[in-house]
Amino acid sequence: MADPKGFLTTGREVAETRPVTERVRDWNEVHVPGSLLPIISKQAGRCMDCGIPFCHNGCPLGNLIPEWNDYAYREDWAAASERLHATNNFPEFTGRLCPAPCESACVLGINQPAVTIKNVEVSIIDKAWGNGDVTPQPPERLSGKTVAVIGSGPAGLAAAQQLTRAGHTVAVYERADRIGGLLRYGIPEFKMEKSHINRRIEQMRAEGTKFRTETEIGRDIDAARLRRRYDAVVIAAGATVSRDLPVPGRELNGVHFAMEYLPLANKVQEGDLTVSPITAEGKHVVVIGGGDTGADCVGTAHRQGALSVTQLEIMPRPGDERNANQPWPTFPMLYKVTSAHEEGGERVYSVSTTHFEGDEDGNVQALHLVEVEFKDGRPEQKPGTERRIPAQLVTLAMGFTGTDRSNGLVQQFGLELDERGNVARDADFATNVDGVFVAGDAGRGQSLIVWAIAEGRSAARGVDRFLTGASALPAPIRPTDRALMV
């Protein structure tokens with residue numbers, strides 16, 4: 001273990017963020033560069049000798065958290081990096097983007113602030129990159145087998161890296177112009193700078209993984225033809241169909257899905273555009289949806305110079321502390337203030353949009369909403385609570401309903417879907433089509449980045465077994481596993 005008295009003598013400290021007035025004027029990550037290293041060893045020392053580390057239960061990757069906490073406490077960064085990479089291909093992604101269910105399951109968190117596991121993780125990997133401890137790991141020999149991976153989000157990249165290192169020849173197909181999936185175009189730069197993706201892609205290229213951008217399977221290449229070309233296929237296309245809001249006025253100009261709005265802002269940062277075609281500059285902005293994607297829209301609107309930003313959520317405001325029906329070590333629904341919320345705007349709970357109002361040119365000008373209360377699990381409108389708020393830009397960030405079926409991929413493969421509309425798979429992540437596997441949100445439904453990476457790693461084992469008859473690759477989860485929640 002780390003410091004045997006650390007959890008008694010050291011309080012919880014988290015990463016320092018840059019002043020709001022400074023960070024809303026740029027798109028750099030919100031945290032002060034290098035602010036964690038002076039404090040992180042002591043923070044890692046708060047990890048207890050708890051006997052049964054429930055942080056393992058909170059994390060689907062099975063991260064060896066007490067082990068790398070101990071190494072970080074002793075400032076043995078190379079050993080900490082090795083333990084971190086033993087279960088996670090991309091800790092710099094999860095250390096920035098994961099909501100840290102491991103911390104909710106931390107034993108110390110029963111009656112004290114939990115260990116800052118996420119901050120320790122990102123400190124270890126950033127130090128490892130700086131020290132040159134992250135190097136390509138090409139296979140010792142090639143198997144002669146070929147694998148196509150459809151989608152380059154965290155699930156696809158994890159599966160591709162695992163299979164490449166196992167000796168298979170892997171090609172990743174991505175319909176966008178750059179590799180990364182929603183990591184590239186769905187996550188704003190201020191949450192994760194894209195340089196972190198770029199250097200991982202270079203590592204994977206050096207290991208032997210091939211990448212094919214601007215190629216959509218189902219449209220540019222027939223799926224059945226792809227299957228004939230490769231010995232195995234992994235579908236990691238994500239759950240990219242956005243949940244719509246079918247109310248009057250939805251067709252007005254200025255009402256967009258979050259995944260129409262956010263990628264354009266990222267393309268400006270990539271240098272592809274000078275100004276986004278969908279911008280919040282000088283507008284009253286309304287974000288419908290209270291999750292992480294909604295918060296990303298809020299932070300983006302601030303940086304684009306919105307006049308005001310209002311975020312709407314149909315559910316009641318979560319509490320500041322665990323409810324009795326969400327006991328430790330489950331992942332609780334708590335009121336969360338992200339860096340984007342620190343930057344301003346209004347958050348409105350227990351409301352539902354009734355319709356949008358437009359001007360004579362067909363541009364949205366206002367949103368009409370009504371308060372709701374839940375009865376028998378369903379929202380009911382409260383009479384007399386209707387009101388109108390100005391809105392010249394509305395983003396719909398209400399989640400996703402499944403993988404894209406409009407491009408022909410599902411039909412051309414002949415894939416079976418489960419009752420939730422996801423691609424069905426067996427215990428080895430195999431679909432009903434011989435040699436075709438599915439990983440990530442395409443099979444699980446909308447989920448967290450740690451689940452995506454865990455799925456990619458587990459599906460890689462299934463593919464390896466299919467190709468060779470056996471596999472030494474790890475499989476941290478089963479397709480039926482679910483998050484530790486009540």
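Around CD of Gln411, the count of heavy atoms belonging to other residues, nucleotides or ligands within 6.0 Å exceeds 12. Around the CZ atom of Arg465, the shell of radius 6.0 Å holds no more than 12 heavy atoms that belong to other residues, nucleotides or ligands. The number of heavy atoms from other shown groups lying within 6.0 Å of CZ (Arg317) is above 12. Atom CD of Glu251 sits in a crowded spot, with more than 12 heavy atoms from other residues, nucleotides or ligands closer than 6.0 Å. Residue-environment remark: CZ (Arg250) exceeds the threshold of 12 foreign heavy atoms within 6.0 Å.
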Quick one, Asn266 with Leu262, criterion side chain to side chain contact (heavy atoms under 4.5 Å, CB included). Give me CA distance, side-chain angles, the key distance, then yes/no. CA-CA 6 Å; Asn266 280 355; Leu262 294 173; 5.6 Å; no

Please test Leu367 against Ile288 for side chain to side chain contact (heavy atoms under 4.5 Å, CB included), starting from the C-alpha separation and ending with a verdict. CA-CA 11 Å; Leu367 177 150; Ile288 301 178; 3.8 Å; yes

Decide yes or no on side chain to side chain contact (heavy atoms under 4.5 Å, CB included) for Gln412 and Ile217, but give the supporting numbers first. CA-CA 10 Å; Gln412 291 169 19; Ile217 307 304; 5.7 Å; no

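Remark: side-chain polar atoms of Trp328 are paired, donor with acceptor, to backbone N or O of Ala105 under 3.5 angstrom. The backbone N or O of Ala460 lies less than 3.5 Å from no partner atom in the side chain of Gln162, so there is not a single donor-acceptor pair. In this structure a side-chain-to-backbone donor-acceptor pair under 3.5 Å is present from Glu103 to Ile117. A donor-acceptor contact shorter than 3.5 Å is absent between the side chain of Gln304 and the backbone of Thr279. Distance alone, capped at 3.5 Å, places no donor-acceptor pair between the Asp361 side chain and the Asn363 backbone. In this structure, the side chain of Ser458 engages the main chain of Ile477 through a donor-acceptor pair within 3.5 Å. Of the possible polar contacts, one joining the Thr431 side chain to the Val436 backbone as a donor-acceptor pair under 3.5 Å is found. Within the 3.5 Å criterion, the main-chain N or O of Asp133 finds no donor-acceptor partner in the side chain of Asn131. Using modelled atom types, no side-chain atom of Lys145 and backbone atom of Asp231 make a donor-acceptor pair closer than 3.5 Å. No donor-acceptor pair under 3.5 Å is formed between the side chain of Thr240 and the backbone N or O of Thr403.
A salt bridge links Arg478 and Asp481; the closest N-O separation between the charged side-chain nitrogens and carboxylate oxygens is under 4.0 Å. Using a 4.0 Å cut-off between charged side-chain N and carboxylate O, Glu455 and Arg425 make a salt bridge. Salt-bridge annotation for Asp220 and Arg175: absent, with no side-chain N of the basic residue lying under 4.0 Å from a carboxylate O of the acidic one. Taking 4.0 Å as the cut-off between side-chain N and carboxylate O, Asp272 and Arg178 count as a salt-bridged pair. Ion pairing between Arg347 and Glu313 fails under the 4.0 Å rule for side-chain N and carboxylate O. Between Lys194 and Glu270, no side-chain nitrogen of the basic residue sits less than 4.0 Å from a carboxylate oxygen of the acidic one, so the salt-bridge criterion is not met.
Atom CD of Gln161 and atom CG of Asn89 lie 4.5 Å apart (nearest 0.5 Å). Note: Leu369 CG to Ser350 OG = 11.5 Å, rounded to the nearest 0.5 Å. Atom CG of Asp428 sits about 11.0 Å away from atom CG of Asp464, to the nearest 0.5 Å. Atom CD1 of Ile278 is separated from atom NE2 of His256 by 4.0 Å, given to the nearest 0.5 angstrom. Expressed to the nearest 0.5 Å, how far CD of Gln269 lies from CZ of Phe190 amounts to 10.0 Å. One distance of note links CG of Asn323 with CG of Leu334; it measures 8.0 Å at 0.5 Å rounding.
No option in Glu193, Glu29, Glu121 other than Glu29 meets the salt bridge (charged side-chain N to carboxylate O under 4.0 Å, His left out) test with Arg96. For the side chain to side chain donor-acceptor pair (under 3.5 Å) test with Glu92, the passing option among Arg200, His196, Arg199 is Arg200; the others fail. Test Tyr230, Phe413, Phe466, Phe429 against Phe437 for ring pair (Phe, Tyr, Trp, His ring centres under 6.0 Å) and you get one pass: Phe466.
Nearest approach of Ala155 to Gly440, heavy atoms of both residues: CB-CA, 3.7 Å. Nearest heavy atom pair, residue Tyr349 against residue Pro318, reads CE2-CD, 3.8 Å. Of all the heavy atoms in Ala128 and Ser81, the pair that sits closest is CB-OG, 3.4 Å. Among all heavy-atom pairs drawn from Thr94 and Lys118, the shortest one is O-CE, 4.2 Å.
Asn88 and Arg83 share no donor-acceptor pair across their side chains, judged by distance under 3.5 Å alone. Using modelled atom types, one finds no donor on one side chain facing an acceptor on the other under 3.5 Å when comparing Ser447 with Asp441. One side chain, Asn63 or Thr87, offers a donor N or O that lies under 3.5 Å from an acceptor on the other.
Taking 4.5 Å as the limit, some side-chain heavy atom of Tyr261 sits within range of a side-chain heavy atom of Cys297. Leu415 places none of its side-chain heavy atoms less than 4.5 Å from the side chain of Val438. For the pair Ile197 and Phe93, the minimum side-chain heavy-atom distance is below 4.5 Å.
Glu380 meets the salt bridge (charged side-chain N to carboxylate O under 4.0 Å, His left out) test with Lys375; sequence neighbours excluded.
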